[in-house]
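Along the sequence shown, residues are numbered consecutively beginning with 1. Every heavy atom of this structure was used, including side-chain atoms; hydrogens, water molecules and symmetry mates were not.
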Amino acid sequence: MPDKKLTDELLNELLDAPNIDGYIKEHDFATPSLSDYLKQLLQEKGLERSRVVRMADLNETFGYQIFTGVRHPSRNKVLQIAFAMALTLKETNRALTAAGVSVLNCKDRRDAIIIFCIDRGCSLQKVNEELYRFGEETVSWRLISEPAELPNNDANERGADAMGCLRPAL
């Protein structure tokens with residue numbers, strides 16, 4: 001995948017452009033679909049769709065339909081998938097954008113808790129516990145009582161912090 005320009009670089013090009021026509025012709029504004037982006041992430045991270053759907057606490061059929069582009073998930077469903085795939089904040093926001101919903105905003109209390117948990121490598125169960133503890137709507141409709149499985153990647157060896165979240169990779 002070729003490197004994409006940073007938003008600041010694109011903004012500078014836009015502001016420096018003599019007219020909008022040239023700028024529009026030179027740039028591709030296509031955004032990948034959520035299903036295409038999720039498939040790309042599955043491949044990059046070496047994850048299996050069925051395992052992600054299970055870890056995201058999604059109905060198997062509904063999860064399959066999200067990954068094939070048949071169904072368009074809510075913001076919370078995208079977040080469930082993001083936690084199941086152990087996505088970074090950048091990857092999570094790209095998935096949210098591809099789904100046509102708002103990205104995480106650190107000025108929003110609930111989103112700030114979610115961002116904190118993403119940064120710390122928390123599981124879906126842990127983010128739900130933290131949201132519940134602060135009186136915020138949980139990401140998934142129920143709190144999962146059994147320990148969550150961790151994605152099969154280097155995160156498993158990093159160990160957990162006092163909150164029970166994985167330590168960020170160094």
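Between Lys77 and Asp57 no salt bridge is recorded (no basic side-chain N to carboxylate O distance below 4.0 Å). For the pair Glu48 and Arg54, the salt-bridge criterion is not met [side-chain N within less than 4.0 Å of a carboxylate O]. A salt bridge links Lys126 with Glu130; the closest basic N to acidic carboxylate O contact falls under 4.0 Å.
You'll find the side chain of Pro73 reaches within 4.5 Å of the side chain of Leu34, heavy atoms only. A 4.5 Å side-chain heavy-atom check between Leu14 and Glu9 finds every atom pair outside the cut-off. At a threshold of 4.5 Å between non-hydrogen side-chain atoms, the residues Arg49 and Lys39 do not count as touching. Residues Ile81 and Leu58 form a side-chain contact, since some pair of their non-hydrogen atoms from C-beta on lies under 4.5 Å apart.
At distances below 3.5 Å, at least one donor-acceptor pair connects side-chain atoms of Asn19 with backbone N or O atoms of Gly22. When atom types are taken as modelled, the side chain of Glu91 and the backbone of Thr88 share a donor-acceptor pair closer than 3.5 angstrom. Judged purely by atom type and a 3.5 angstrom limit, Arg75 uses its side chain to pair as donor or acceptor with the backbone of Ser102.
For the atom pair CG (Asn128) and CD (Glu137), the distance works out to 10.0 Å, reported to the nearest 0.5 Å. Phe116 CZ to Cys106 SG: the interatomic distance, rounded to the nearest 0.5 Å, is 13.5 Å. From Leu38, atom CG reaches atom CZ of Arg94 across 13.5 Å, with rounding to the nearest 0.5 Å. In this structure, CD on Glu60 lies 11.0 Å from CD on Gln65, to the nearest 0.5 angstrom. Interatomic distance, Thr138 OG1 to Gln80 CD, rounded to the nearest 0.5 Å: 8.5 Å. Here the straight-line distance linking atom CG of Leu79 with atom CD1 of Ile118 works out to 6.5 Å at 0.5 Å rounding.
For the residue pair Tyr23 and Ala17, the shortest heavy atom distance occurs at CB-CB, 4.2 Å. Nearest heavy atoms, Lys45 versus Met85: CD-O, 3.8 Å. Ala84 and Ala56 get closest at one heavy-atom pair: CB-N, 3.5 Å. Contact detail for Ser33 and Ala98: the closest heavy-atom pair is C-CB, 4.1 Å.
With respect to Phe83, the side chain to side chain contact (heavy atoms under 4.5 Å, CB included) criterion is satisfied by exactly one of Thr92, Leu124, Val52: Leu124. Between Asn93 and the options Val103, Ile115, Asn105, a side chain to side chain contact (heavy atoms under 4.5 Å, CB included) holds for only Val103.
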- Please step through side chain to side chain contact (heavy atoms under 4.5 Å, CB included) for the pair Asp119 and Leu89, ending with a clear verdict. CA-CA 7 Å; Asp119 183 64; Leu89 179 58; over 6 Å; no
- Message: Pair Val70, Tyr64 - check side chain to side chain contact (heavy atoms under 4.5 Å, CB included), show working.
- Response: CA-CA 9 Å; Val70 173; Tyr64 177 79; over 6 Å; no
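Side-chain heavy atoms closer than 4.5 Å link hydrophobic residues (I, L, V, M, F, W, Y) into clusters, and following such links, possibly through other members, connects Leu41 to Val53. Both Val139 and Phe134 are assigned to one and the same hydrophobic cluster, defined by single-linkage of ILVMFWY side chains at heavy-atom distances under 4.5 Å. Cluster annotation: Leu87 is connected to Val101 through the hydrophobic network of ILVMFWY side chains, with a link wherever side-chain heavy atoms come within less than 4.5 Å.
Looking only at atom types and distance, the side chain of Asn76 has no donor-acceptor partner in the side chain of Ser140 under 3.5 Å away.
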